[in-house]
Amino acid sequence: MITVVILALVVVNLVLTAVLTITIIPETQKANELITKVCSAIDLDLVAGDTAGSLAVNVSDMVDYAVNTGENLTINLADSGDGATHYAVLSVSLSLDSTNEDYATIAPDGSLATYDSVIRDTINTIVKNHTIDDMKNKEDEVKEEILEALQGLFKSAFIVRVNFSSATYQ
């Protein structure tokens with residue numbers, strides 16, 4: 001008699017487990033799809049974030065600032081292992097978002113002349129850590145690194161782009 005009761009309880013347990021599984025799995029799959037969609041949306045926002053800000057700014061709202069009053073910057077490059085000394089001669093300008101709220105306080109006249117030496121130092125610090133091959137083959141990555149450093153320096157995304165109007169590497 002007791003075995004019949006145990007057998008009945010096992011069968012009831014099995015049926016209830018099956019019902020529970022059948023009802024929970026579709027809801028779990030829906031939750032996973034929702035999580036995947038949210039993660040995808042976050043990734044898209046990260047790609048279109050601060051340092052890719054020039055994509056979201058109209059060209060008519062950009063103000064160009066020539067670093068070092070438009071004069072070339074000569075920067076020694078990192079050792080590339082070939083025994084030669086290499087350097088970069090760059091003419092750098094920054095594109096500023098004139099619609100950004102920080103633009104009005106930091107560069108109201110479109111000039112960052114007050115901060116020019118700090119900007120040059122930041123550019124110099126980043127460029128000198130790259131080899132001549134990096135500068136030739138990964139110039140966009142170097143510009144992005146400079147942009148991120150400058151945005152961190154000013155704690156603002158009003159600088160939306162770094163431009164090399166001329167670049168010579170030797």
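FYI, side chains are in, hydrogens and waters are out, and symmetry mates aren't considered; it's all heavy atoms of this structure. We count residues from 1, following the sequence as given.
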Can you name the side-chain contact (heavy atoms from CB on, under 4.5 Å) partners of A66, sequence neighbours left out? none
Among all residues two or more places apart in sequence or in another chain, which pass the side-chain contact (heavy atoms from CB on, under 4.5 Å) test with A31? none
Distance in Å, I159 CD1 paired with I106 CD1, rounded so as to fall on 0.5 Å steps: 8.0 Å
Please table the atom pairs, donor to acceptor, closer than 3.5 Å between any side-chain atom in residues 162-170 and protein atoms at least two apart or in another chain.
unit_1: N163; atom_1: OD1; unit_2: R161; atom_2: NE; d: 2.9
unit_1: N163; atom_1: ND2; unit_2: S93; atom_2: OG; d: 3.3
unit_1: N163; atom_1: ND2; unit_2: S95; atom_2: OG; d: 3.0
unit_1: S165; atom_1: OG; unit_2: S91; atom_2: O; d: 3.2
unit_1: S165; atom_1: OG; unit_2: S91; atom_2: OG; d: 3.0
unit_1: Y169; atom_1: OH; unit_2: E139; atom_2: OE1; d: 2.6
unit_1: Q170; atom_1: OE1; unit_2: Y87; atom_2: OH; d: 2.5

Tell me every residue that passes side-chain hydrogen bond (donor to acceptor under 3.5 Å, both in side chains) with D82, counting only those two or more places apart in sequence or in another chain. S80, H86
Applying side chain to side chain contact (heavy atoms under 4.5 Å, CB included) between S156 and each of D97, T105, D102, L150, report the one that passes. D102
With sequence neighbours left out, write down each residue that passes salt bridge (Lys or Arg N to Asp or Glu O under 4.0 Å) with K30, or none if nothing qualifies. E27
Please report the C-alpha distance between V142 and M135 in whole Å, then the side-chain angles of each, then the deciding distance to 0.1 Å, and finally whether the side-chain contact (heavy atoms from CB on, under 4.5 Å) criterion is met. CA-CA 7 Å; V142 174; M135 295 303 293; 3.8 Å; yes
Please say yes or no: joined through hydrophobic side-chain contacts below 4.5 Å, possibly via intermediate residues, are L147 and V118 part of one cluster? yes
Partner set under salt bridge (Lys or Arg N to Asp or Glu O under 4.0 Å) for E101, not counting sequence neighbours: none
Taking side-chain contact (heavy atoms from CB on, under 4.5 Å) as the test, write out the residues that go with T17, two or more places apart. N13, T21
Tell me every residue that passes salt bridge (Lys or Arg N to Asp or Glu O under 4.0 Å) with D116, counting only those two or more places apart in sequence or in another chain. R120
Look at the side chain of D121 and the backbone N and O of S117, then say whether any donor-acceptor pair between them is shorter than 3.5 Å. no
Side-chain heavy-atom pair V67, L90 within 4.5 angstrom cut-off: no
Under the side-chain contact (heavy atoms from CB on, under 4.5 Å) rule, what do D140 and E144 come out as? Steps first, then yes or no, please. CA-CA 6 Å; D140 288 336; E144 185 72 17; over 6 Å; no
Close side-chain approach of I119 and L94, heavy atoms under 4.5 Å: yes
Please lay out, stage by stage, how V92 and L73 fare under the test side-chain contact (heavy atoms from CB on, under 4.5 Å). CA-CA 8 Å; V92 183; L73 299 172; 4.0 Å; yes
Spell out, as yes or no, whether a donor-acceptor pair under 3.5 Å connects the side chain of E145 to the backbone of I126. no
side-chain hydrogen bond (donor to acceptor under 3.5 Å, both in side chains) with N100: which residues, sequence neighbours excluded? none
Rounding to 0.5 Å, atoms OG1 (T122) and CD1 (I146) come to a distance of 9.5 Å
Hey, any chance V127 and V89 share a hydrophobic cluster, counting ILVMFWY side chains that come within less than 4.5 Å of each other, even indirectly? no
How long is the span from the OG1 atom in T28 to the CD1 atom in I24, to the nearest 0.5 Å? 6.5 Å
Pairs touching residues 56-80 that satisfy salt bridge (charged side-chain N to carboxylate O under 4.0 Å, His left out), sequence neighbours left out: none
Less than 4.5 Å apart, any side-chain heavy atom of V160 and any of L96? no
Quick note, ring pair (Phe, Tyr, Trp, His ring centres under 6.0 Å) partners involving residues 99-124, not counting sequence neighbours, are Y115-F154
With sequence neighbours left out, what residues match D134 under side-chain contact (heavy atoms from CB on, under 4.5 Å)? H130, T131, K138
pair L77-K128: side-chain heavy atoms closer than 4.5 Å: no
